[in-house]
Amino acid sequence: MIIDNINKDLLKLAEESDKELKDIYKKIDDICLYNSNRILSAFIDNQVSYSDFADINGYGYYDAGRDKLEKIYASVLGCEDALVRPQIMSGTNALYLVFSALLKHGDTMISLTGAPYDSLQEMIGLSGDSTQSLKSNGVNYEQIDLINNDFDEEKIINRLKENNVKLVEIQRSRGYSSRLSLSISKIEHLINKIREVNKDVIIMIDNCYGELVETREPGHVGADILVGSLMKNLGGGVATTGGYIAGKEKYVKMVAERFSSPGIGKDLGANFNLNNTFFKGLFMAPNAVKGALKTAIFSSYMLEKLGYKNVSPKYNDERTDIIQTVEFNDSDSLVKFTQGIQESSPVDSFVHVMPAPMPGYPFDEVMACGSFTQGSTIELSADAPVVKPYILYMQGGLSFEYGKLSILLALSKIKEAN
């Protein structure tokens with residue numbers, strides 16, 4: 001049994017954590033209840049029926065269940081409309097749909113959170129030579145870096161007074177960087193400031209990893225459009241593929257026409273018999289996010305108490321996404337911890353993970369993801385570029401109990417090696 005392979009001192013420290021983290025866990029439970037109420041209310045208000053789970057094939061016309069699901073997503077995310085489809089393969093795919101639909105030749109977009117996540121580099125045209133990148137198609141790109149984990153408000157406002165920017169993008173989560181993720185209150189403050197000087201610029205939020213962590217979403221505070229993957233928070237560990245785009249109706253319509261074709265928009269798209277999975281995933285999402293958050297908080301507590309210096313967020317910090325990071329002194333410790341996560345996974349526990357190239361990333365990656373859905377990061381996963389500083393990014397955990405066991409085994413593996 002796994003627990004027999006866990007270091008006894010670590011088990012004792014874990015027992016102590018339950019007492020010290022009790023109040024923090026209670027706050028997570030309260031947020032879960034609030035968001036569960038919001039989602040259940042949306043299901044009831046939209047009169048979800050068993051018939052909404054019917055398999056609609058072919059062109060996918062007249063799918064009442066799909067239409068109902070998208071209304072529920074819009075409601076939960078504080079938006080006017082939503083596009084929720086299995087054909088959207090990832091968060092990166094959803095982002096590209098939005099950018100390519102809303103930005104035309106000669107338009108300018110600005111990242112307000114500095115350099116974008118690695119997998120967006122080629123999409124924008126900052127690396128590679130794709131003829132389909134934004135820059136190759138005449139879109140101008142600029143970025144404004146964060147200052148001390150906050151927006152450079154003065155520079156942003158002065159730039160947007162020029163009124164020649166079509167879209168600004170905010171990456172809520174940290175991505176592969178050491179900066180902190182951005183809270184809804186910070187995003188709300190910036191949106192209000194932007195609207196004082198520019199009423200027309202499209203404000204887009206990359207919402208990946210942040211859904212249901214707080215009681216509000218970017219749509220509730222004035223964002224025009226937001227995107228995410230169903231293999232993260234809102235899929236609840238049940239959805240096996242898919243992504244969403246939600247926001248103002250006119251922008252969702254434009255993205256839907258890029259997704260299918262002009263004149264068809266949201267009316268086409270078979271559900272591949274996944275409606276039941278998508279409804280159930282959203283229904284279970286608050287609980288899955290709760291499990292992921294408690295796993296992250298427990299991980300942070302254990303790592304801090306064991307003397308790891310660069311742990312972020314700290315166990316008692318406010319959180320706005322499910323990502324937990326820790327910096328290791330060397331690549332060997334980084335890889336061994338990741339191997340411990342893989343060995344305690346329910347799927348492919350026998351796989352010995354090693355650094356290797358990964359599509360869309362510039363460095364060798366080490367990744368543990370023994371999940372029921374390939375690449376699902378609401379299930380416990382850990383990955384890192386194997387370059388200095390050796391920072392591991394952990395996320396997910398469908399239940400706190402499973403997450404705790406995996407973290408304890410990973411720490412035991414490092415302790416045994418040392």
- Item | Donor-acceptor under 3.5 Å (Q342 side chain, C369 main chain) | yes
- Query: Can any side-chain N or O of R159 pair as donor or acceptor with the backbone N or O of I110 at less than 3.5 Å?
  - Reply: no
- Note on the structure: When every non-hydrogen atom of Q87 is compared with those of A270, the smallest separation belongs to NE2-O, 3.0 Å
- Query: Can you pull the salt bridge (charged side-chain N to carboxylate O under 4.0 Å, His left out) pairs that have at least one residue in residues 41-58, sequence neighbours excluded?
  - Reply: D52-K68
- CE (M302) with more than 12 external heavy atoms under 6.0 Å: yes
- Note on the structure: For residues 178-194, the salt bridge (charged side-chain N to carboxylate O under 4.0 Å, His left out) pairs (sequence neighbours left out) are E188-R216
- Task: Please examine the side chains of S344 and L405, heavy atoms only from C-beta on, and report whether any two atoms are closer than 4.5 Å.
- Result: no
- Query: With sequence neighbours excluded, what pairs up with L398 under the side chain to side chain contact (heavy atoms under 4.5 Å, CB included) test?
  - Reply: A288, I378, E379
- Query: Between the main-chain N or O of D129 and the side-chain N or O of S133, is there a donor-acceptor pair closer than 3.5 Å?
  - Reply: no
- Task: Determine which pairs satisfy ring pair (Phe, Tyr, Trp, His ring centres under 6.0 Å) with at least one residue from residues 272-295, sequence neighbours left out, and list them in order.
- Result: F43-F279, F43-F283, F53-F279
- Query: Mind checking whether Y73 and L69 have side chains closer than 4.5 Å, heavy atoms only?
  - Reply: yes
- Task: Ignoring hydrogens and angles, tell me if any N or O in the side chain of T325 forms a donor-acceptor pair with the backbone of S312 under 3.5 Å.
- Result: yes
- Is the closest side-chain donor-acceptor distance between N198 and E162 under 3.5 Å? no
- Would a distance-only check, ignoring hydrogens and angles, find a side-chain to backbone donor-acceptor pair under 3.5 Å from T277 to A239? no
- Item | Polar contact flag, side-chain donor to acceptor under 3.5 angstrom, R195-N192 | no
- Task: Determine whether N275 and D63 make a side-chain contact, defined as any pair of heavy atoms from C-beta on separated by less than 4.5 Å.
- Result: yes
- Spacing of CG belonging to D18 relative to OH belonging to Y301, to within rounding of 0.5 Å: 9.0 Å
- For Y117 and L95, run side chain to side chain contact (heavy atoms under 4.5 Å, CB included): C-alpha distance rounded to whole Å, both residues' side-chain angles, the deciding distance at 0.1 Å, then the answer. CA-CA 11 Å; Y117 189 69; L95 286 163; over 6 Å; no
- Query: Yes or no on side chain to side chain contact (heavy atoms under 4.5 Å, CB included) for N287 and S36, after CA distance, side-chain angles and deciding distance?
  - Reply: CA-CA 8 Å; N287 205 62; S36 296; over 6 Å; no
- Message: To the nearest 0.5 Å, what is the distance between CD1 on I225 and SG on C79?
- Response: 8.5 Å
- Message: I'd like to check the side chain to side chain contact (heavy atoms under 4.5 Å, CB included) partners of S111; sequence neighbours left out, ordered by chain and number.
- Response: T113, Y141, Q143, E169
- Query: Can you check whether G291's main-chain N or O pairs, donor with acceptor, with T295's side chain at less than 3.5 Å?
  - Reply: yes
- Query: Ignoring hydrogens and geometry, is there a side-chain-to-backbone donor-acceptor pair from N37 to L33 under 3.5 Å?
  - Reply: no
- Message: Between Y62 and I56, does the side chain to side chain contact (heavy atoms under 4.5 Å, CB included) criterion hold? Intermediate values first, please.
- Response: CA-CA 8 Å; Y62 313 117; I56 305 294; over 6 Å; no
- Could you grab the distance from atom CG of L112 to atom CG of L190, nearest 0.5 Å is fine? 6.0 Å
- Note on the structure: Closest non-hydrogen contact found for V335 with P355 is CG2-CG, 4.0 Å
- Look at the side chain of N149 and the backbone N and O of L180, then say whether any donor-acceptor pair between them is shorter than 3.5 Å. yes
- Message: Within the structure provided, determine whether I245 and V84 are in side-chain contact (heavy-atom separation under 4.5 Å).
- Response: no
- Task: Would you give the length of the straight line joining atom CG of L380 to atom OG of S345, rounded to the nearest 0.5 angstrom?
- Result: 6.5 Å
- Could you tell me which non-hydrogen atom of E365 sits nearest to which non-hydrogen atom of D383, and how far apart they are? OE1-OD2, 4.3 Å
- By side chain to side chain contact (heavy atoms under 4.5 Å, CB included) - contacts of N140 (at least two apart): T108
- Would you mind listing every salt bridge (charged side-chain N to carboxylate O under 4.0 Å, His left out) that reaches into residues 249-267, with sequence neighbours excluded? E70-K266, D81-K266
- Task: Measure the CD1-NZ distance between I322 and K290 for me, rounded to the nearest 0.5 Å.
- Result: 15.0 Å
- More than 12 heavy atoms from other groups under 6.0 Å of NZ on K166: yes
- Note on the structure: Value for CG (D30) from OH (Y34), rounded to nearest 0.5 Å, stands at 12.5 Å
- Message: If I compare all heavy atoms of A42 with all of V76, which pair ends up nearest, and what's the gap?
- Response: CB-CG2, 4.3 Å
- Message: Looking at E142, I'd like to know if its CD atom is crowded, meaning that more than 12 non-hydrogen atoms belonging to other residues, nucleotides or ligands lie closer than 6.0 Å.
- Response: yes
- Check for a donor-acceptor pair, side chain of D107 on one end and backbone N or O of K104 on the other, with a separation under 3.5 Å. yes
- Is any side-chain heavy atom of L282 less than 4.5 Å from a side-chain heavy atom of L230? no
- Item | salt bridge (charged side-chain N to carboxylate O under 4.0 Å, His left out) pairs, two or more places apart, involving residues 314-334 | K27-E318, D332-K336
- Task: Verify whether one side chain among Y315 and E304 offers a donor that lies under 3.5 Å from an acceptor in the other.
- Result: no
- Who are the salt bridge (charged side-chain N to carboxylate O under 4.0 Å, His left out) partners of D152, not counting sequence neighbours? none
- Task: Any side chain to side chain donor-acceptor pair (under 3.5 Å) involving residues 228-241? Give me the pairs, sequence neighbours left out, ordered by first then second residue.
- Result: none
- Determine the minimum heavy-atom distance between G60 and R66, stating which atoms define it. O-NH1, 2.7 Å
- Message: Quick check: closest heavy atoms across P313 and S300, and the distance to 0.1 Å?
- Response: O-OG, 2.9 Å
- Task: Decide yes or no on side chain to side chain contact (heavy atoms under 4.5 Å, CB included) for L411 and L303, but give the supporting numbers first.
- Result: CA-CA 8 Å; L411 290 170; L303 290 161; 3.7 Å; yes
- Query: Does any non-hydrogen side-chain atom of E153 lie less than 4.5 Å from one of I147?
  - Reply: no
Distance-only check: which donor-acceptor pairs under 3.5 Å involve side-chain atoms of residues 201-214, not counting sequence neighbours?
unit_1: D206; atom_1: OD1; unit_2: C208; atom_2: N; d: 3.2
unit_1: N207; atom_1: OD1; unit_2: R172; atom_2: NH1; d: 2.7
unit_1: N207; atom_1: ND2; unit_2: E217; atom_2: OE1; d: 3.2
unit_1: N207; atom_1: ND2; unit_2: Y244; atom_2: OH; d: 3.2
unit_1: E211; atom_1: OE2; unit_2: Y244; atom_2: OH; d: 2.6
unit_1: E214; atom_1: OE2; unit_2: I184; atom_2: N; d: 3.1
unit_1: E214; atom_1: OE2; unit_2: T320; atom_2: OG1; d: 2.7

- Q324 side chain to I297 main-chain N or O, any donor-acceptor pair under 3.5 Å? no
- Applying side chain to side chain contact (heavy atoms under 4.5 Å, CB included), name anything that partners F328, two or more places apart in sequence or on another chain. Y308, V326, S333, L334, F337, Y390, L392, I414
